[in-house]
Amino acid sequence: MARTNVNYEKLSTSYLFVDIARRKKAFEKDHPGVTILSLGIGDTTEPIPPSVIEGLTLGVRNLSNVATYKGYGDEQGDARLREAIARSYAQRGVSMDADEVFVSDGAKSDSANIQSIFAQESVVAVQDPAYPVYVDSNVIAGRTGAATGTTYDGIVYLPCNERNNFFPSLPAKKVDLIYLCSPNNPTGAVATKEQLSAFVRYARERRAVIIFDAAYSAFISDPALPRSIYEVDGAKECAIEINSFSKSSGFTGVRLAWSIVPKTLAAEDAAAGRLHAMWHRRQTTMFNGASRISQEGGLAALSERGIAENKAVTGYYMENARLIRECLVRKGLRVFGGVNAPYLWVKTPGAMGSWEFFDKMLSETHVVVTPGAGMGPSGEGYIRISAFGHRSAIEEAVRNIDAGLVL
Ligand code: MLT
């Protein structure tokens, strides 16, 4: 008799962005003809630049000819792509072997799957608020108790708030896995080298492992801010890093990402090399690699021309962020992030709850945002606004907020 994974029953009924989409749809149904402006999910809108399209096209063309056709790829991803990724780190003074790079189909899948190489009884710490996948994947894996309100028993929530500039203090109790995201989704805060160093020291002393999500690193323009945790000495002994082409290269619908599992990474019962070997085993058992087409596109994205063209696109989104930020400040709202990150984190007016402000924004301005409460208890009282969007939609959102939002 087949039985189900009862851990699914602990989860809230749907994934946050599915919930938001449902509310948006209901509003559209009740208000036909109204243009809804989606600044909720961080989904790219601008076309992939020409050099990267050439790479993707080459990937397709290679499949059309018997001389260039190939089936399954190299097991950790195309060696040329892994070398190009390793070289991109070398430019920031970080050295790594190409075989410490694992190419995948997404940072979401990697950040959900990576927990599977750690012990069931691992104590998990997350920044609060956080991208929901870190918590939900551990709930599904059975590492938590039941949900109590908006938290799960067993997860250690590290509050990120205005008092600590949205970067958490070190955990007060011993934890085993620590998820950090910088530039942060959702708060848009970017960790400094000193802040990351404190966590690296903590992890090394306690043989904990940091899972560092750097999916938004391409949006950092301040040269003093680290784009990789490996810019901190000692991080290769205690941290896994996940990054993606989704937001930097418009690959949200193409799918391509990578994880770095250093060979020097160790844990309480794992000497250097063991976790690398385990992730290799996991990926080669359960994943057959990203498509050749997207990997050819990824290679083009890392070429000199690709980097320059993509920089123009990330700059476009950051200009959106500036327009939204200025509008919200004009309205007298308190706004964080949106400077080295494509997300703005906005304090709700008065004592208004996140979902209440979500509804107010939708009804008064037709702008869909993300309620902070959906990303952890410390997100209550905030909303996240994504700067991904066509300029015309952003300008319309700004006009609607200027004219329609009653505060
Ligand atoms: C977000 O809006 O947080 C992201 O787009 C979700 C994702 O990247 O999976």
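Read the numbers this way: they start at 1 and go in the same order the structure lists the ligands and their atoms.
Near Phe17, the atoms of ligand 1 lying under 4.0 angstrom from a non-hydrogen atom of the residue are 1 (C), 2 (O), 3 (O). Set against the non-hydrogen atoms of Gly42, the atoms of ligand 1 under 4.0 Å away are 1 (C), 2 (O), 5 (O). Of all atoms in ligand 1, numbered sequentially from 1 with element shown, those under 4.0 Å from a heavy atom of Tyr343 are 1 (C), 2 (O), 3 (O), 4 (C), 5 (O). Interface atoms of ligand 1 facing Asn185, defined by a heavy-atom separation under 4.0 Å, are 1 (C), 3 (O).
Any N or O atom pair closer than 3.5 Å counts here, and Ile41 shares no such pair with ligand 1.
No hydrogens or angles considered: a donor-acceptor pair under 3.5 Å links the side chains of Asp110 and Ser104. Thr348 and Glu356 share no donor-acceptor pair across their side chains, judged by distance under 3.5 Å alone.
Residues His280 and Phe102 approach most closely at CA-CE2, 3.6 Å, considering heavy atoms. Residues Lys174 and Glu268 share a closest heavy-atom pair of NZ-OE1, 3.6 Å. Nearest heavy atoms, Ser228 versus Glu241: OG-OE1, 3.0 Å.
Checking Arg384, Lys247, Met375 against atom 3 (O) of ligand 1, the nearest heavy atom belongs to Arg384.
Between Lys263 and Asp99, at least one side-chain nitrogen of the basic residue sits less than 4.0 Å from a carboxylate oxygen of the acidic one, meeting the salt-bridge criterion.
Counting protein heavy atoms only, atom 6 (C) of ligand 1 is closest to Tyr131 CE1, 3.7 Å.
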